[in-house]
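Model, not experiment: these values are computed from the prediction. Counting starts at 1 for both ligands and their atoms, in listed order. Counting begins at 1 with the first residue of the sequence.
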Amino acid sequence: MAEHVSRRRLLGIGAGIGAVAAGGLALSAAWARRPASTGEQLVSEVPLPQAFWMPLPIPAVLAPVASTSEGDRYEMVQMETEAEIIPGHSTRLWTYNGVFPGPTIESRRGRHVTVAHRNELPVPTVVHLHGGRTPASSDGYPTDLVLPEGWTATAAHGHGGHAGTDDLAVVTNVQREYGFPLDQRATMLWYHDHRMDFTAPAIWRGLAGLHFVRDDIEDAIDLPRGDHELPLMIADRAFDADGQLAYPSLDPTLTGEIGVEERFTAGVLGDVILVNGAPWPVHEVDTGLYRLRILNGSNARHYELEAVTDVGRRLPLVQIGADQGLLAAPVRLQRLPIAPAERYDLLLDLNGVPVGTKVRLANRLGSGRTGDVMAFHVVREGAGMPIPETLASDLPEWDRSAAAVVRDLAFRTGRMNGRHGWLIDGLPFDPNRTDVTAELGDIEVWRLIADVHHPVHLHLVGFRVLGRGNGGPLPHDAGLKDTIALRPGESAEIITRFDGYRGRYLFHCHNAEHEDMGMMANLEII
Ligand code: C2O
Ligand code: CU
Ligand code: CU
């Protein structure tokens with residue numbers, strides 16, 4: 001990841017897209033042909049439930065086990081459990097505290113949160129708070145394993161393909177504490193497993209939950225609250241004939257060979273859309289204003305969300321926030337594209353929608369049953385609320401001219417361990433190699449370039465999108481982000497300031513299969 005990449009090298013990225021990267025014209029032609037998805041869909045064998053029939057579950061908020069002036073302490077047990085996701089079937093899951101999604105944590109900006117995790121699963125685990133401004137020691141580095149009872153560190157290091165050894169890893173037995181200062185803007189974060197080589201199947205089995213950060217700035221804005229604020233974790237899954245989760249792991253014990261069957265190398269897509277763990281649920285609402293806190297918790301599936309009534313009327317989606325908190329002002333969207341790991345904060349105004357209407361949250365990138373996500377059933381009149389004209393005024397504005405470094409980083413397919421893999425600047429992840437060294441306090445511009453869809457995520461910092469291709473950012477690129485969805489053949493520029501903490505962090509593709517199969521790199525902040 002040289003700091004000065006020649007134009008020749010930049011153009012040489014990916015046989016198919018070299019020409020695409022060269023100019024705007026070729027670019028739009030490529031987009032016209034671009035595949036709607038990157039990944040291969042698994043087909044469920046169990047009969048699937050009807051859409052808009054199961055009620056939307058709302059993940060319960062976890063109570064702290066202790067609260068002092070210093071902060072709050074939580075405890076979680078990572079455990080296997082069974083849940084009825086497909087009616088009439090019980091599905092084995094890996095969970096935080098026995099529930100999928102995991103319990104929600106509600107916290108305040110700047111108030112310290114400690115989460116003590118106990119691993120009762122059959123494999124090592126790592127917890128990462130995605131979007132958290134977290135000291136490196138608690139950021140969930142992929143080799144900072146929490147071993148199950150009876151495992152030894154050497155055995156754990158021997159697991160998996162390209163892991164090798166990592167002398168810096170902090171391995172603990174059965175339990176460990178993660179500390180989160182949460183000195184950051186109010187937003188919805190999520191926590192998930194981040195173990196080296198096996199993140200994708202672990203998330204697929206259920207290791208994901210939501211974490212809200214609240215602050216006074218957000219509280220001062222008149223936004224829907226209480227039951228008019230809905231967390232929505234959207235995730236696709238597939239089920240076998242017995243109602244168990246299907247997933248094409250090469251080693252289903254998730255201890256040996258990494259990766260998935262060749263056909264699924266580009267990503268695993270499910271044919272069942274779950275929202276908060278329920279397939280195509282429905283939620284009863286009134287004619288008021290709703291705040292939807294949406295996470296795409298899918299491994300590889302991208303969505304393009306649209307709200308349509310049963311008479312075909314499209315309701316505007318008003319974006320008020322991004323991955324890292326509120327925008328400066330609302331952005332009105334017809335459709336919202338959302339890539340894995342991205343979060344969007346939306347307002348859905350049901351004022352004027354007749355009682356009795358079903359408003360479908362559709363996915364325009366899906367087909368057949370994956371074209372539906374969930375529905376809102378309008379069952380009563382409610383009190384309307386105006387949409388605020390301005391939102392937060394604390395968004396960082398970084399100027400390109402202030403950048404200490406401009407880096408080019410290529411995200412593309414390649415060979416790894418003799419198989420298909422995913423590489424950043426030609427290399428698969430290696431915990432022992434520092435890929436990018438950034439100085440604490442420096443502003444940097446990163447030019448990211450992709451061959452197929454790659455949702456690129458940086459740990460520790462939020463960034464702003466400066467532009468895509470030769471143009472500016474897209475409307476939904478507004479605000480402060482921690483994950484950007486690169487489309488096939490696309491390049492994008494982001495700007496950030498590396499502040500917070502020094503240490504070893506990561507950046508990676510959040511297509512979870514790509515991440516496991518090499519597409520991750522070390523970001524050392526010095
Ligand atoms: Cu969702 Cu490395 O993160
Ligand atoms: Cu993250
Ligand atoms: Cu990717």
Side-chain angles (χ1 to χ4, degrees), residues 14 17 35 37-39 102 126-136 138-144 178 180 184 187-200 202-204 207-211 233 235 259-260 264-269 295-302 323-324 339-343 409-414 416 420-425 428-429 431 448-463 481-490 492 496 500 504-523:
I17 65 162
S37 65
T38 291
V126 172
V127 186
H128 167 61
L129 179 61
H130 179 123
R133 266 165 64 90
T134 307
S138 278
D139 197 47
Y141 192 80
T143 51
D144 287 350
Y178 294 86
F180 305 108
Q184 60 187 104
T187 192
M188 186 178 81
L189 310 174
W190 64 303
Y191 59 96
H192 59 75
D193 197 64
H194 214 303
R195 176 168 58 119
M196 177 103 178
D197 304 334
F198 296 101
T199 292
I203 293 177
W204 187 270
L207 291 177
L210 302 174
H211 184 141
M233 181 196 284
V260 291
F264 296 92
T265 305
V268 180
L269 309 174
L295 159 70
N296 181 355
S298 308
N299 281 19
R301 184 179 288 281
H302 291 239
D323 304 325
Q324 289 285 323
E342 280 189 308
R343 285 92 65 217
L409 294 155
F411 292 75
R412 59 168 172 150
T413 188
M416 186 188 105
H420 270 299
W422 297 95
L423 311 174
I424 301 177
D425 270 13
F429 180 57
L448 313 170
I449 183 160
D451 56 356
V452 295
H453 291 91
H454 295 297
V456 175
H457 167 52
L458 271 64
H459 283 217
L460 183 68
V461 290
F463 55 78
K481 296 183 58 64
D482 57 48
T483 306
I484 176 174
L486 297 174
R487 299 174 296 181
E490 190 172 45
T496 189
R504 186 168 64 153
Y505 290 92
L506 297 165
F507 63 99
H508 59 89
C509 177
H510 221 294
N511 172 314
E513 282 77 29
H514 295 190
E515 176 183 345
D516 281 350
M517 291 182 276
M519 200 169 260
M520 183 152 69
N522 281 308
L523 162 63

Provide the atom name of the closest N, O or S atom of His454 relative to the Cu ion (ligand 3).
-> ND1
Given His128, which of Asp144, Asp193, Asp139 fulfils the side-chain contact (heavy atoms from CB on, under 4.5 Å) condition?
-> Asp139
Heteroatom N/O/S of Cys509 within less than 2.8 Å of the Cu ion (ligand 3) = yes
In this structure, atom 2 (Cu) of ligand 1 sits at the vertex of an angle between NE2 of His508 and NE2 of His459 that rounds to 10° as 110°
The atom name of the N, O or S atom in His514 nearest to the Cu ion (ligand 3) is ND1
Aromatic rings Trp422 and His514: how do their planes relate, parallel, tilted or perpendicular, breaks at 30° and 60°?
-> parallel
State whether the side chain of Glu490 and the backbone N or O of Arg487 hold a donor-acceptor pair below 3.5 Å, judged by distance alone.
-> yes
Between His454 and His508, does the ring centroid distance fall short of 6.0 Å?
-> no
Decide yes or no on side-chain hydrogen bond (donor to acceptor under 3.5 Å, both in side chains) for His130 and His510, but give the supporting numbers first.
-> CA-CA 11 Å; His130 179 123; His510 221 294; 3.2 Å; yes
Short check: any N/O/S atom of His128 below 2.8 Å from the Cu ion (ligand 2)?
-> yes
Taking atom CG of Leu409 and atom CZ of Arg412, what is their separation to the nearest 0.5 Å?
-> 12.5 Å
For atom 2 (Cu) of ligand 1, decide whether His194 has an N, O or S atom at a distance under 2.8 Å.
-> yes
Metal check, the Cu ion (ligand 2) vs His457 N/O/S, cut-off below 2.8 Å | yes
